[in-house]
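Proteins come first, then strands; the chains are lettered A, B, ... in the order of their sequence lines, and each starts at number 1.
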2 protein chains.
Amino acid sequence: MNTQPLDDAGGPTAGELGEHAVIEAIVAAAPSSSNGDDAAVLTHAAPNSQVVATTDMLVEGRHFRRDWSTPEEVGKKAIVQNFADIEAMGARAVAALLAVSVPAETPVSFFERLAAGIESRVAEYSAELVGGDVVSGDQLVISVTAIGSLGGNLPSLRLDRARVGQRVVAHGKIGWSAAGMALLERFGRENVPEDLTEVVAAHCAPYLTPGRGVVARATGATSMTDSSDGLVVDLTTIAARSGVSVDLFAEAIAPGPELVRAGEVLGVDPWQWVLTGGEDHTLVATTANDVPSGFREIGRVGKQSGDPAVTVDGAAPHYHGGWVSF
Amino acid sequence: MNTQPLDDAGGPTAGELGEHAVIEAIVAAAPSSSNGDDAAVLTHAAPNSQVVATTDMLVEGRHFRRDWSTPEEVGKKAIVQNFADIEAMGARAVAALLAVSVPAETPVSFFERLAAGIESRVAEYSAELVGGDVVSGDQLVISVTAIGSLGGNLPSLRLDRARVGQRVVAHGKIGWSAAGMALLERFGRENVPEDLTEVVAAHCAPYLTPGRGVVARATGATSMTDSSDGLVVDLTTIAARSGVSVDLFAEAIAPGPELVRAGEVLGVDPWQWVLTGGEDHTLVATTANDVPSGFREIGRVGKQSGDPAVTVDGAAPHYHGGWVSF
């Protein structure tokens, strides 16, 4: 299998051109008037608003592979996984910061393309890459911090406010990222069956429609998270924090034709990806009201029930577990 | 020379106990009510305030060595270098986020002590460690993001507002961090001459009195930075951005008895540390008004003069250059 980086077009390296060339490449591809001083100064905070902040780190070989993902996709993924955490509080993403540890042999063009991917995603949110740091390191490590704004008097959407009888609703794909990774493990990027490239793309650069978290909060959702560790794991966290149980509707989360096909190709039950696959960053919320626009109903909150706290059509899920760091 | 980590007391490792144990150790040592959800929600922004943000990454072996610094010192350094960037805009630090890439063999106790160091510094600023991320990686990488608040209508203190005739003022030590590193390179931590331990401590855990940046802004400073790359380099940046020159007063920045002694011990001219040493995070500002409290006058802003833009008593500095990443 070809394990060459997809970005390996040669060109001068970070070690050859130095830190400032890397910074210049990033700033040129993702410019901001707030950037370039000791710290970024953002626009005035909306009256009565709160700052929301989160950080996520991506390590090469662990969270992305350069023979699987283009630099643009890595940048998009880094933004979406951070902005999903902002959205999951019901807040609006307004800015990102980027710190990178850079092996000397990395081409400067990698960072140009990484920043282009970041810029394309932050622009969709009307946000900007406002600052960062570039240091020399043995391993390519990308740390993104997202800053958001939570306006008005409604509470933020925490993990501990699911209540019995509420709908469980979701916005975004479920299981696609895990299926995409399984396809990459089997085929590498270049040999993925053509009808499954979209599944692989969902792994390399997950996508969420900007603003769905704000809509959920505005329409009375009470709790929300983004599914980063796996649907059952993340809902188990909400159930535990809220003192409730969750029953998922099998029909609502059943693998669609793409995942069924991927399962056939790989000889894997696609339900495994749906129930345990992480990194989709799908927004999962609970609400006593109508389903917020862009969301779909996938289950119902019930009374605390002991183990398992999350069921599918009333039965223990066939697969559980999720993303583990070590 | 002994190159054992100073924290090597054994105990279970991150690989043995897992990501959650690392997170628990950090949160126990640096607790915050804002932590523990998808993202941290900070207190309501002050009316008419702006959010200020910056990020800095520390790589083991490059920015710190565990045989030179205790985990507490690494945590303190990570906070001070980030909060100094917030202060350098004239803002008040309010929160920090921490992302770490963790080799499996790192003792969990390292992170407990790192977080204790972070907590001790953020508490001095009435700030909190509000969130973070822990991932598995080959190299220990610590990424801190600082969030600050800039209140009122005065402009932030940028690099491009030094004006001819203004005083150049400084708060903090100059050259101590570089001298401390030179001592560590020669002696290691344990064998540093007793009368120079304070110089080494200034390298391992630099300290700034919280709030001096806010005072500088309140008393009419026009530009400010923190000296992270070296005094001449950082003032050259201000001079270039502002279209001015800077003349430093030799008497005001002359090495004190500690640096003179370190220079004797190592056979090095201590002026080298004063002029080119980075990582002191000393606040350097320009003002047309009186010297802000806690600052001292170290020079004067002059007309743009070509090369060199920064002089000492009117002459080219004997040493220039500074920190280089690659």
Side-chain angles (χ1 to χ4, degrees), chain A residues 14-15 18-19 36-59 61-63 84-86 88-89 91 95 97-101 104 130-139 141 143 145-148 150 156 158-159 224-226 324-326, chain B residues 14-15 18-19 36-59 61-63 84-86 88-89 91 95 97-101 104 130-139 141 143 145-148 150 156 158-159 224-226 324-326:
Chain A
E19 169 195 350
D37 218 293
D38 299 294
V41 179
L42 308 187
T43 51
H44 281 83
N48 199 32
S49 68
Q50 290 171 279
V51 175
V52 180
T54 185
T55 188
D56 265 322
M57 196 175 244
L58 289 83
V59 174
R62 180 82 191 157
H63 302 96
D85 283 327
I86 299 291
M89 304 307 289
L97 296 103
L98 167 71
V100 284
S101 152
V130 297
D133 192 23
V134 172
V135 302
S136 172
D138 300 340
Q139 195 175 16
V141 178
S143 182
T145 300
I147 296 175
L150 188 78
S156 63
R158 301 176 52 94
L159 299 165
M224 185 153 58
T225 192
D226 76 301
V324 175
S325 270
F326 288 95
Chain B
E19 169 195 349
D37 218 293
D38 298 293
V41 180
L42 307 187
T43 51
H44 281 82
N48 198 31
S49 68
Q50 291 172 277
V51 174
V52 180
T54 184
T55 189
D56 265 322
M57 196 175 245
L58 289 84
V59 174
R62 180 84 191 155
H63 302 95
D85 284 327
I86 299 290
M89 304 306 288
L97 295 103
L98 167 71
V100 283
S101 152
V130 298
D133 192 22
V134 171
V135 302
S136 171
D138 299 340
Q139 196 174 16
V141 178
S143 181
T145 300
I147 296 175
L150 188 78
S156 63
R158 301 175 53 93
L159 298 165
M224 184 153 58
T225 192
D226 76 300
V324 175
S325 270
F326 288 96

How about [X] and [Y]: do any of their side-chain heavy atoms sit closer than 4.5 Å?
X	Y	result
B:D138	A:D138	no
B:H63	A:V135	yes
A:M57	B:V141	yes

Quiz item: For B:L159, is it the side chain, the backbone, both, or neither that has a heavy atom closer than 4.5 Å to a heavy atom of chain A?
Solution: both
Quiz item: When heavy-atom pairs shorter than 4.5 Å are enumerated against chain A, which of B:G132, B:P47, B:G131 gives the highest number?
Solution: B:G132
Quiz item: Any chance the side chains of A:D133 and B:T55 put a donor and an acceptor closer than 3.5 Å?
Solution: no
Practice problem: Look at A:S156, A:G36, A:A40, A:A99 and state which one has the largest set of heavy-atom pairs under 4.5 Å with chain B. | Solution: A:A40
Quiz item: With chain B, which of A:S49, A:A88, A:A45 has the greatest number of heavy-atom pairs at distances under 4.5 Å?
Solution: A:S49
Practice problem: Could you list the residues that satisfy side-chain contact (heavy atoms from CB on, under 4.5 Å) with A:A53, not counting sequence neighbours? | Solution: B:L97, B:I147
Quiz item: For B:A146, which residues count as a side-chain contact (heavy atoms from CB on, under 4.5 Å) partner, sequence neighbours excluded?
Solution: B:T54, B:N82, B:F83, B:I86
Tell me, for [X] versus chain B, whether the close heavy atoms (under 4.5 Å) come from the side chain, the backbone, both or neither.
X	answer
A:V51	both
A:T43	backbone
A:L58	neither

Quiz item: What are the two closest heavy atoms between A:L42 and B:Q50, and how far apart are they?
Solution: O-NE2, 3.0 Å
Quiz prompt | Minimum heavy-atom distance B:G137-A:V59, with the two atoms named | solution = CA-CG1, 4.2 Å
Quiz item: OG1/A:T225 to CG/B:D37 distance, rounded to the nearest 0.5 angstrom?
Solution: 7.0 Å
